[in-house]
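Below is one structure, written out as structure tokens; the observations come after it.
Each chain gets a letter, A, B and so on, in the order its sequence line appears, and its residues count up from 1. Every heavy atom of this structure was used, including side-chain atoms; hydrogens, water molecules and symmetry mates were not.
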Amino acid sequence: MMVNAVDLTELEKDALTEVVNIGVSRAAASLRKMVGHQVLLSVPAVEIVSREKAATLLGERESNELVAVQQSFSGAFSGRAMLIFPEEHSLALARAVAGDELSNDEIADLEQEALAETGNVILNSCLATMANMLKRPLTMSIPTVCKGSASTLFEARSDKDSRVLFLYINFSIHHRDLRGYIAMTMDMPSLQSLKELLAEFIQQVVGNQE
Amino acid sequence: MAEADSPDALEAPLDDLRERLNISLLAAGVAGSWDWDIRNDRLYFDYRMATLYGLDPAEAERGLPTSAFFKCIYPGDANRLRIAVAGMLNGAELFLKSYRIIAADGLVRWVEAHGRCHFGTDEQPERFSGILVDVTDRRRIEERLRISQTAGGVGTFEHVPGHATAMVSEQFCNLLGLNPAQVLPVATINRLVCNGSPPLLEMGSVSAEELPYAEICVARADSQEQRWLARRGEAARDVEDGGVRHVGVIYDITESKRVEDALRQLNDTLEQRVEREIAERLEIEEALRQAQKMEAVGQLTGGIAHDFNNLLTVILGNVDMARTRLGSSGDERIDRALASAQKGAERASALTQRLLAFSRRQPLAPKQIAVSRLLHGMVELISRSLGETILVKTDTTPDLWMVEVDPNQLENAILNLAVNARDAMGGGGTLSLTAANVECGAPMPSGAAAPRDYLMLSVADSGSGMSEATIEKAFEPFFTTKEVGKGTGLGLSMVYGFVKQSGGDIHISSRVGEGTAVCLYLPRALETQTAQPEADTPGVQRSLDETILVVEDDEDVRQFAVDCLVELGYKVLEATSGPRALSLLKQRPGEVQLLVTDVVMPDLSGRELAEAAHEIEPNLPVLYVSGYPRDVILQDGRVKDGVELLSKPFTQQALAAKVRELLDQIPADDL
């Protein structure tokens, strides 16, 4: 069996999960302020997979069309981050974010903007937290919204060797449970940098408490 | 750490309250609760949690260093928990972890920690509090369930008909080749079901009252391999809206399904296979019957020919002798009548010869021959026989094998076939003579593989052809399609007998209107012998005063032979049977120089007589006279070495020559 040098250890995955958890918690706080409702976000697990595997995982779990908000980032590690929902949840999410008093037509008009804004808050928080925790600066692009199937979302673009950090994210907005995913596509050098930064973080946490 | 023994009476109602809280927490399965003051870096445990950790509850209530949180955590889980807590202290909001602790009583327990972080107005984390639930029993049950699922290859699912997703087990995902998940869309699962099978999970909410047993063919998501799954389960009536919840299992039945299918297929085709076997058997039986018929006809004709030859010997011999006696002085009319009788008898003799050929009883003189040379030598003769309207073509491959057959009989056979071809072609056409090698194992026209190397010689015409019924009977003696008087019906029979006797095979391919090809398969000569030059030693001329013993059970034939020999000047002794001949030899030792005997006789056969005679007179030459030599003296259709044979009917001249030849071979001092 070929062992990929850039695969994360269990502990590194745990650390990454926590870092992202801090990020989505901050995003939840921001969203709470935005919508004035209870918003809870958590990330139970992370997997590091190939682009094909990410498409398979997502395709099996979601049989309908998907909506994704995506942003690219660069810095100590760079790549592309996506917040992905099943399409049937995107209207509900837009309604939750934009407010219940709007009509369906108005919501539909706002859907794109509401999604872009939500995605921006969540992804920004995640990436900013990662940058903070790992003490490295990251810059992020403007979010864009796209629709498609699992395989079109993970279509190869430039770097064929890139890996995907695949995170499951639980949303609870206004007592409505929604499911979504965060996917960060990174090339090998970026993943290697991330791995090193995570190892430092673990050393701090585990070392301090001993 | 001593148990706090508080004398303070005011604590009593508080203890009571605490006790009631503990009971309700215990009832909820809660093993303890904690509260982590992040700003002041202190940790508070409730009474149960303190007891679980083996800490003084009073002290724990007053506050502990935060490191106490990790005190009892199983070492293998400690780092994971430190990282998780670090997340909480730095701004994560929700905490849900499963891990092991080593409790104060020394037992390892599985716990589930449910925690949450509370933020201050400055959005900084303030308190991290939560409860610990003992899930040891649940873990054990889950473990048993997981092991029984993997060991038994059984996957479970729960699904409320009409809902878009279903709860599934890891083994369920494995059976379908899906990545492990706890919740999957129904569409993802049903998408794997092959055409013709019912869906794994019910799509609609109606008509889903029960969960019937089903056998479902699926194409695995990872390998697209087709597998058969069985689904079993129950419908539970405990859903909010009064509907049902399907709880079921799936397991792989591909192997038993395959065996079942194979068995069914075997059953379905049984009749067909029996029919085929019977048809094959009938075909073989038919072939055997045909062969037996030919054999029986052969024996019959052979027997007739034998008796007939005896008669012809007498007639021909006596007519011959009468003509000799009559000489030139006799009545010309008598001589003409005798000549005519002789001609008739000779024709009859030729007929019996052909009958013998068919019955494979004719003595053959096989030689190694090159068929192409033989064919080319015959072309002129054939062309002349067939007339100008028929074109004769020969086609032989260059490196034809040698064959070992009687060349005269082969020529006869080819001529016979050529004449048949001419008659089939009426006005004119083409006669093709071809020869080619057929290797052992190559297909023959009968469909069977050639059992040995053959040289195939084919005589084909462009004539009227034959129907299947005609082909079937073509080899039978006296079967002819020619007008009465035009053919004997023995030509093909003779060819058949000759080829079979030579160890070969024969086949007719023909269709009405499309010509006929007769293929002779002649066995390849095993080794090439160099042709031996004919021994041409001049015989010692002797006086004709030798004594010859003639043994023949047929009165007339014996009389004719004796008369001939006496007339030639020999001394002749005669015997009517083998035993009589032997007693004569014993009575007159050394007197007889040649034994002339019939082959087929009652009591002793000619062969047996010769053997017995050789015990008395070891060097006594023997001449067999026979119209039906059978295998008494024949080996594979050939005359055995050292055996001299005179075929019946014979003439005086033929007998005289053969007798003289034998006597002349005896060395002088043996006389």
Exercise for the section: With the side chain counted from C-beta on, respond yes when A/Asn170 and A/Leu41 share a heavy-atom pair under 4.5 Å apart, and no when they do not. Expected result: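 The answer is no, as the side chains (C-beta and beyond) never meet within the 4.5 Å cut-off.
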
Please state whether the side chain, the backbone, both or neither of [X] comes within less than 4.5 Å of a heavy atom of chain B.
X	result
A/Ala15	both
A/Lys33	side chain
A/Glu10	neither

Problem - Pairs meeting criterion salt bridge (charged side-chain N to carboxylate O under 4.0 Å, His left out) with involvement of residues 167-189 of chain B, two or more places apart - result: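 Not a single pair qualifies under salt bridge (charged side-chain N to carboxylate O under 4.0 Å, His left out).
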
Practice task
Answer yes or no for A/Arg80 and A/Phe73: cation-pi contact, defined as NZ/CZ to six-membered ring centre under 6.0 Å and angle to ring axis within 45°.
Solution key: no

Exercise for the section: Considering only heavy atoms and a distance below 4.5 Å, find which of A/Leu57, A/Thr129, A/Leu40 pairs most often with chain B. Expected result: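 Top count of heavy-atom pairs under 4.5 Å with chain B: A/Leu40.
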
Handout entry: B/Gly87 backbone acceptor or donor facing A/Asn21 side chain under 3.5 Å
Key = no

Handout entry: Side-chain donor/acceptor of A/Glu12 to backbone N/O of A/Thr9, under 3.5 Å
Key = yes

Handout entry: Side chain, backbone, both or neither of B/Ala78 within contact of chain A (heavy atoms, under 4.5 Å)
Key =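 No part of it gets close to chain A.
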
